Amino acid sequence: MLVFTNTETRSKQPFKPLADSDVKLYTCGPTVYNFAHIGNFRAIVAYDLLKRWLAARGFRVNHVMNITDVDDKTIRGARAAGIPLSAFTARYTAAFFDDCAALRILKPDITPAATAHIPQMIALVRTLVDKEFAYVAGDGSVYFAIGKFPAYGRLSHLDRGGLRDGARVAQDEYDKDNVCDFVLWKAWTEDDGGVKWDSPWGPGRPGWHLECSVMAREYLGDTLDVHMGGEDLVFPHHENEIAQSEAATGKPFVRFWLHNAYLQVDGRKMSKSLGNFHTLRDILARGYTGREVRYLLLSAHYRQPLNFTFTGLHAARSALQRLDDLRANLARAASAAGEARPEAQAAVDAARAAWTAALDDDLNTSAALAALFDLVRQANVWLQDGAMQGGDARAVLAFMDEADKVLAVAGADDAAPEEVTRLAAERAEARAAKNWARADEVRKKLAELGFTVEDTPAGPRVKRL
RNA sequence: GGUGGCGUAGUCAAGUGGUUAAGACGAUGGUUUGCAAAACCAUUAUUCAUCGGUUCGAAUCCGAUCGCCACCUCCA
């Protein structure tokens, strides 16, 4: 039985979409003001995992992920760069999708940009004003009155009394009825430069929380099956989304709230001042690959804090090479004749059952990987002692392929450089001639290029060190 | 200050009342190899931050203490 931990109830609940097997999924996307860092990508990979597992379980997923292309940071960034907001955000939107591709993220069905939905946002604000859930302040900003929405705090379980002492509530929050009221429409100020849209309340721009309510509704309807995001978004972002959406529609906004935990770096929060801030690009530039980062991000349960280290990234590389090696060996063995032995079939079935149970249990990837690696060891034993039948290899490979539809880590990201391939061939010749000195010399050269070479019955195989 | 999460081997990380406490990486010894690597075998937590308590039984439940992380108005 597929269960997810629902942040709203703080418990695991059996998952069933509202309509048959169609899942309406909304995930909070990036604010495109900079290159995304691996912490951001922990969330993105978690979304991808959810999607892939839902698909594996036979659901059709309709996935919407927003692109926040207007807010304080994007406006500030565009001004600093001296280019229009749209040009600025286009740059980082493209970079974001490139990074996603490197991480083998399936594209969402729709990735709506906030700036492309301003009329709908204005319409929602108008509805909220008409229904008296929102009020217009003196400067033309529109605020949501949380006092009018009794369920406020339902998701985050924060009691309103506690919110008053919030350390970051600005002292100059004029004009609000309640300090916790949040902005739906932000009146234009000089800092916004040319970024503004006309509205019934004067020029301005949408508040951040508004876009998700609007775009989720636009593409998925009033009630979503799953809404996912980082744990930091629980309050206020998601709380505010609930308030806006439910006040406007009178219907439940989200059935399952899923939140992923933070990524830590060297046991601490990732921050620029600590010098442990990594963008995906930085990591790729250091010679690691997207699938290695992906594997590392998948190696812990999404709701548990995960500690990122380069040691861990290297461990991911080793684990992936082990899977690659087995895959290559199985591919060769699979061409042999022979039915799968009952013993082998049983082992594969057991692995599949454990794998499924683990992922059904709130996407427990750690446990799922354990099931996979149990079978990996078993398969290696069969290869080792010559018991592997063609059918065995095909059965194991079939499961590995199935598992990889979810993990998406099989296959190297990049081929070895030509130079490396050439050296490997040269070394194979030297070995054939039993010129061991020359062979060792070439191997040393390869090591200098960051590669190692293995002699297998099928010929040399190069790997990254 | 309020709220929530976490602390399991050298590292990463499952497990949340009874299991030999998963799995990965690393390390050491062995088999194998031209030498290696990979693979396999063996070893690597009598113990789950600490201290108490509940229970026939606790890593798992309760309390206290220590440490880390996050949220408390625009950070995934």
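Please read all numbers here as calculations on a predicted model, not as lab measurements. Sequence lines set the chain letters: A, B, ... in the order given, protein chains first and strands last, and positions in each chain run from 1.
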Practice problem: Grab the CG-P distance between A:Leu155 and B:U3 for me, whole Å please. | Solution: 18 Å

Exercise. Test A:Asp413 against A:Arg104 for salt bridge (charged side-chain N to carboxylate O under 4.0 Å, His left out), laying out the working first.
Key: CA-CA 10 Å; A:Asp413 282 306; A:Arg104 307 182 179 191; 2.9 Å; yes

Quiz item: Is the shortest side-chain N/O distance from A:Lys73 to OP1 or OP2 of B:C75 below 4.0 Å?
Solution: yes

Contact list (N/O, under 3.5 angstrom) for nucleotides 26-29 of chain B vs protein:
residue, atom, partner, partner atom, Å
B:G26, OP1, A:Ser318, OG, 3.4

Quiz item: Just checking A:Arg205: base, sugar-phosphate only, or nothing, at a heavy-atom cut-off of under 4.0 Å?
Solution: nothing

Self-check item: Watson-Crick and G-U pairing of RNA chain B written in dot-bracket, each distance under 3.5 angstrom, with | for inter-strand partners
Solution: ((((((((.[[[..)..(....]]]((((((.......))))))....[[[[[..)....]]]]])))))))....

Exercise. Pick the C1' atom in B:C61 and in B:G67, then give their distance to the nearest Å.
Key: 22 Å

Self-check item: A:Glu246 side chain to A:Phe253 backbone, donor-acceptor under 3.5 Å
Solution: yes

Quiz item: Which part of the nucleic acid, if any, lies within reach of A:Val183 when heavy atoms closer than 4.0 Å are counted: base, sugar-phosphate only, or nothing?
Solution: nothing

Self-check item: Comparing A:His37 and A:Val376 on RNA chain B - which has the more 5′ nearest nucleotide
Solution: A:Val376

Exercise. Can you figure out which of B:C75, B:C69, B:C35 approaches the side chain of A:Gln264 most closely?
Key: B:C69

Quiz item: Which value, in whole Å, describes the distance between the P atoms of nucleotides B:G5 and B:C62?
Solution: 11 Å

Quiz item: So what does A:Ala370 touch, heavy atoms closer than 4.0 Å: a base, only the sugar-phosphate, or nothing?
Solution: base

Quiz prompt | A:Arg427 CZ to B:A36 P, straight-line distance once rounded to whole Å | solution = 12 Å

Self-check item: Euclidean distance for P, B:G4 against B:G10 (whole angstrom)
Solution: 33 Å

Quiz item: Which part of the nucleic acid does A:Phe373 contact within heavy-atom distance under 4.0 Å: base, sugar-phosphate only, or nothing?
Solution: sugar-phosphate

Self-check item: Residues in contact with RNA chain B, drawn from residues 377-385 of chain A - heavy-atom cutoff 4.0 Å
Solution: A:Arg377, A:Asn380, A:Val381, A:Gln384

Practice problem: Using the C1' atom on both, measure B:C12 against B:G26 and round to a whole Å. | Solution: 10 Å

Exercise. Decide if the gap between the ring center of A:Phe310 and the ring center of A:Phe308 is smaller than 6.0 angstrom.
Key: yes

Self-check item: A:Tyr92 ring center near A:Phe35 ring center (under 6.0 Å)
Solution: yes

Quiz item: Is A:Lys463 touching bases, backbone alone, or none of the nucleic acid, heavy atoms closer than 4.0 Å?
Solution: sugar-phosphate

Self-check item: Donor on one side chain, acceptor on other, A:Thr309 and A:Asn307, under 3.5 Å
Solution: no

Quiz item: Once you round it to whole Å, what is the distance between C1' of B:A39 and CG of A:Asp324?
Solution: 15 Å

Exercise. Describe the nucleic acid contact of A:Asp440 in one word from base, sugar-phosphate, nothing, applying a heavy-atom distance below 4.0 Å.
Key: base

Quiz prompt | Distance, P atom - from B:A58 to B:C48, rounded to whole angstrom | solution = 11 Å

Quiz item: How many Å lie between NE2 on A:His259 and P on B:C72, as a whole number?
Solution: 13 Å

Quiz item: Just by modelled atom types, is the A:Val45 backbone N or O under 3.5 Å from a matching donor or acceptor in the A:Asp48 side chain?
Solution: no

Quiz item: Can you tell me if A:Thr5 and A:Asp362 form a side-chain donor-acceptor pair at under 3.5 Å?
Solution: yes

Quiz item: Residues in side-chain contact (heavy atoms from CB on, under 4.5 Å) with A:Val254, at least two apart?
Solution: A:Leu224, A:His227, A:Trp257

Practice problem: State which residues pass side-chain contact (heavy atoms from CB on, under 4.5 Å) with A:Asp72; sequence neighbours excluded, sorted by chain then number. | Solution: A:Arg76, A:Lys186, A:Arg205

Self-check item: A:Arg438/A:Glu441 ion pair, N-O < 4.0 Å
Solution: yes

Quiz item: If only atom types and distance count, is the side chain of A:Ser156 paired as donor or acceptor with the main-chain N or O of A:Val234 below 3.5 Å?
Solution: no

Exercise. Provide the distance between the two P atoms, one in B:U33 and one in B:A27, to the nearest whole Å.
Key: 23 Å

Exercise. Determine the interatomic distance between P on B:A24 and the same-named atom on B:U43; round to the nearest Å.
Key: 15 Å

Each nucleotide N or O in nucleotides 10-14 of chain B that has a protein N or O under 3.5 Å away: list the pair and distance.
residue, atom, partner, partner atom, Å
B:C12, OP1, A:Asn307, ND2, 3.4
B:A13, OP1, A:Asn307, N, 3.0
B:A13, O2', A:Ser366, OG, 3.2
B:A14, OP1, A:His301, N, 2.8
B:A14, O5', A:Ser366, OG, 3.2
B:A14, O3', A:Asn364, ND2, 3.0

Self-check item: Geometric class of the A:His209/A:His237 ring pair [parallel <30°, tilted 30-60°, perpendicular >60°]
Solution: tilted

Quiz item: Taking atom C1' in both B:U46 and B:U8, what distance in whole Å separates the two?
Solution: 14 Å

Exercise. Whole angstrom is fine here: how far is it from NE2 in A:His237 over to C1' in B:C72?
Key: 17 Å

Quiz item: Given atom CH2 of A:Trp436 and atom C1' of B:C35, what is their separation to the nearest angstrom?
Solution: 9 Å

Quiz item: So does A:Arg322 get a side-chain nitrogen or oxygen closer than 4.0 Å to the phosphate oxygens (OP1/OP2) of B:A39?
Solution: yes

Quiz item: Are A:Lys148 and A:Phe133 in a cation-pi contact, defined as NZ or CZ under 6.0 Å from the six-membered ring centre and within 45° of the axis?
Solution: no

Quiz item: Will you find, in the side chains of A:Asn329 and A:Arg332, an N or O donor that is under 3.5 Å from an N or O acceptor?
Solution: yes

Quiz item: Within the structure shown, what part of the strands sits under 4.0 Å from A:Arg443 by heavy-atom distance: base, sugar-phosphate, or nothing?
Solution: base

Exercise. Confirm from the modelled atom types if A:Asp455 and B:C35 form a donor-acceptor pair under 3.5 Å, side chain to base only.
Key: yes

Quiz item: With a distance cut-off below 6.0 Å to the six-membered ring centre and an angular limit of 45° from the axis, does A:Lys107 pair with A:Phe97 as a cation-pi contact?
Solution: yes

Self-check item: Rounded interatomic separation in angstrom, taking CG from A:Asp361 and P from B:U16
Solution: 8 Å

Self-check item: Flag for A:Asp191-A:Thr189: side-chain donor and acceptor within less than 3.5 Å
Solution: no

